[in-house]
Engineer: 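I have a structure I would like to understand better, so I am pasting it below and will then ask my questions one at a time.
So that the names make sense, note that chain A is the first sequence line, chain B the second, and so on, each numbered from 1.
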Protein chains: 2
Amino acid sequence: MSWKKRVAEAAVARLPTYSRALDELDRKGVEIISSDELGEKVGYSAAQIRKDLSCFGEFGKVGTGYYVKDLKEAISQILGIDRAWNVALVGAGNLGSALLAYPGFRERGFRIVAVFDNDLRKIGKKWENVILQDISEMPEKIKEQGIQIGIIAVPAKVAQQIADMLVLSGIRAILNFAPARIVVPDGVELRAADLSRELERLSYFLTNEAAIRTEALQKGKVAGGEEDKTRESHHYRQDW
Amino acid sequence: MSWKKRVAEAAVARLPTYSRALDELDRKGVEIISSDELGEKVGYSAAQIRKDLSCFGEFGKVGTGYYVKDLKEAISQILGIDRAWNVALVGAGNLGSALLAYPGFRERGFRIVAVFDNDLRKIGKKWENVILQDISEMPEKIKEQGIQIGIIAVPAKVAQQIADMLVLSGIRAILNFAPARIVVPDGVELRAADLSRELERLSYFLTNEAAIRTEALQKGKVAGGEEDKTRESHHYRQDW
DNA sequence: GTATGTGAAGTAATTCACAGCT
DNA sequence: AGCTGTGAATTACTTCACATAC
């Protein structure tokens, strides 16, 4: 598929959010939604949403809005999540095993079908229906199963080696949870998911809040004493 | 602290990366580094690094570069990670328990000192040296310990309720791992860490790769047959 | 000579505002 | 009347290029 205009990377980054919101709307039986209402729901402006979607085509009905089912389907296709992806996970430590057990990936169509580690005590064990395999089997198994996406959940100091192995195995996209920069060749897509980084940004905010808020006020971005209806308290206990 | 010029949010987002690289350089005994060399290491341009740092002051020595120890220290202060932060975690399911056990947070100064869940079978258990507490105790305990940062690791459908509770408890910054948008009042900082989103962006890349690469080629951003020395393969096994 | 810090230029992202369709 | 899709305007971010300092 080739799009009608240059696709803004920032627009792509927002599509998953739209996708989730539309899924929920669809589950609730909402059939049509305007960019205004969708914007309210996802936290972006209506103009932003319309601009983002316009990169990929025209999905709305002027004067009416968007058909939820159609738009949901269209975005799934654009993102390529109208199918299931097999994923390889490397590292079955704390984080790796949590990612393996995390239901959120499967819910969005990403199935971890192979897990590799170098801890001989773990090899051969079956976790979450997947047998842990020795790292040395990785290239073969990944090729065998035609896996295209790899998740790195190993310590920082070996992350690059693992990335190299994944690339040699034919992996074409990597999600790196190790807190280290890794380098991959052109043609392999890389995303970093460094969990501490976001906490550090929060720390920055807390440390510099006074200055930040002063600046924001000067730009009129901080709502003064304005009431926000979404902020009412809820009851506290509920099954989850 | 108030900075000499408007601070670009994008610059703040890169500081943790610089911080990590400088830590490593310092451990290796490197004393001085130029923006060129640091850029090489972190994957940003030298100009980018200098511009970023210039938001916060002048840290370099013209004609020489940056003293690693000094810059490292300065960035720690800017980010507010020259101290330890106590953090509350809500949700002790798959993801929550992994985050609790994840050593990366503590390494960067974030200590999870309170964990809340609503599963009565878990309450009172001690995991990673922290006793799991009932969700109803949250407001009291958070106030008691003066915790300012909260991590949400509960299912999407209760994420907003938990966020509301955290806010009522006096939390000032939230890291949300639930795949749902939550809303918080002004003065509370929120970051989303939706693990599936990044996989979906990778899926987009794999699905639209041909078109993306064509476009990049037209802009001359894809290296043709150029050799990259960093891409040599390494030996495969190593303790981790 | 060498490398920073920074205006200026260039590029990308977001918001505005409205023509045009239903 | 209501809402999309989109050029134009604005704002944010990145790269360039060089004066300045060591």
Engineer: Only counting residues at least two apart or in another chain, list the ones meeting side chain to side chain contact (heavy atoms under 4.5 Å, CB included) with A/Thr207.
Structural biologist: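 For A/Thr207, the residues satisfying side chain to side chain contact (heavy atoms under 4.5 Å, CB included) (neighbours in sequence not counted) are A/Ser203, B/Trp85.
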Engineer: Just by distance, no angles: are the side chains of B/Thr17 and A/Arg181 close enough, under 3.5 Å, to form a donor-acceptor pair?
Structural biologist: no
Engineer: How many Å lie between CZ on A/Arg6 and C1' on D/dG7, as a whole number?
Structural biologist: 16 Å
Engineer: Produce the list of close N/O pairs, under 3.5 Å, pairing protein atoms with atoms of nucleotides 1-5 of chain D; give distances to one decimal.
Structural biologist:
residue : atom : partner : partner atom : Å
D/dC3   : O4'  : A/Gly63 : N            : 3.3
D/dC3   : O2   : A/Gly63 : N            : 3.4
D/dT4   : OP1  : A/Ser35 : N            : 2.6
D/dT4   : OP2  : A/Ser35 : OG           : 2.7
D/dG5   : OP1  : A/Phe59 : N            : 3.2
D/dG5   : OP1  : A/Gly60 : N            : 2.9
D/dG5   : OP2  : A/Tyr66 : OH           : 2.7
D/dG5   : O3'  : A/Glu58 : OE2          : 3.4
D/dG5   : N7   : A/Arg50 : NE           : 2.6
D/dG5   : O6   : A/Arg50 : NH2          : 2.8

Engineer: Test of understanding: with side chain to side chain contact (heavy atoms under 4.5 Å, CB included), list the residues that count as partners of A/Ala193, not counting sequence neighbours.
Structural biologist: A/Leu175, A/Phe177
Engineer: Restricting to ring pair (Phe, Tyr, Trp, His ring centres under 6.0 Å), what partner residues turn up for A/Tyr44, sequence neighbours left out?
Structural biologist: none
Engineer: Considering residues at least two apart in sequence or located in another chain, which fulfil the side chain to side chain contact (heavy atoms under 4.5 Å, CB included) criterion with A/Phe105?
Structural biologist: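 So A/Phe105 forms a side chain to side chain contact (heavy atoms under 4.5 Å, CB included) with A/Leu99, A/Tyr102, A/Phe110, A/Ile112, A/Ile151, B/Leu195, B/Ser196, B/Leu199.
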Engineer: Measure CD1/B/Ile49 against C1'/D/dT15 and give the value in whole Å, please.
Structural biologist: 13 Å
Engineer: To the nearest angstrom, how far is A/Lys51 atom NZ from C/dC18 atom P?
Structural biologist: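 Rounded to the whole Å, the gap is 15 Å.
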Engineer: Tell me which of A/Val7 and B/Ala47 sits closer to the 5' end of DNA chain C, going by the nucleotide each one is nearest to.
Structural biologist: B/Ala47
Engineer: Report yes if a side-chain nitrogen or oxygen of A/Gln48 is closer than 4.0 Å to either non-bridging phosphate oxygen (OP1 or OP2) of C/dT15; otherwise report no.
Structural biologist: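 True: A/Gln48 side-chain N/O within range (under 4.0 Å) of C/dT15 OP1/OP2.
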Engineer: In whole angstrom, give the distance that lies between atom CZ of B/Phe56 and atom C1' of C/dT4.
Structural biologist: 17 Å
Engineer: Sequence neighbours left out, what pairs pass side-chain hydrogen bond (donor to acceptor under 3.5 Å, both in side chains) with at least one residue falling in residues 46-59 of chain B?
Structural biologist: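 Only B/Arg14-B/Asp52, B/Tyr18-B/Asp52, B/Ser35-B/Arg50, B/Gln48-B/Asp52 qualify under side-chain hydrogen bond (donor to acceptor under 3.5 Å, both in side chains).
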Engineer: How would you list, by chain and number, every residue that makes a side chain to side chain contact (heavy atoms under 4.5 Å, CB included) with A/Asn86, sequence neighbours excluded?
Structural biologist: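 In terms of side chain to side chain contact (heavy atoms under 4.5 Å, CB included), with neighbours along the sequence ignored, A/Asn86 is linked to A/Arg111, A/Val113, A/Ile147.
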Engineer: Who pairs with A/Phe205 by ring pair (Phe, Tyr, Trp, His ring centres under 6.0 Å), at least two apart in sequence or on another chain?
Structural biologist: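 Residues passing ring pair (Phe, Tyr, Trp, His ring centres under 6.0 Å) with A/Phe205: none at all.
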Engineer: Tell me, which of residues 9-29 of chain B have any heavy atom that sits under 4.0 Å from an atom in DNA chain C?
Structural biologist: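 Of all residues in residues 9-29 of chain B, none places a heavy atom under 4.0 Å from DNA chain C.
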Engineer: How many Å lie between OH on B/Tyr67 and C1' on D/dC22, as a whole number?
Structural biologist: 10 Å
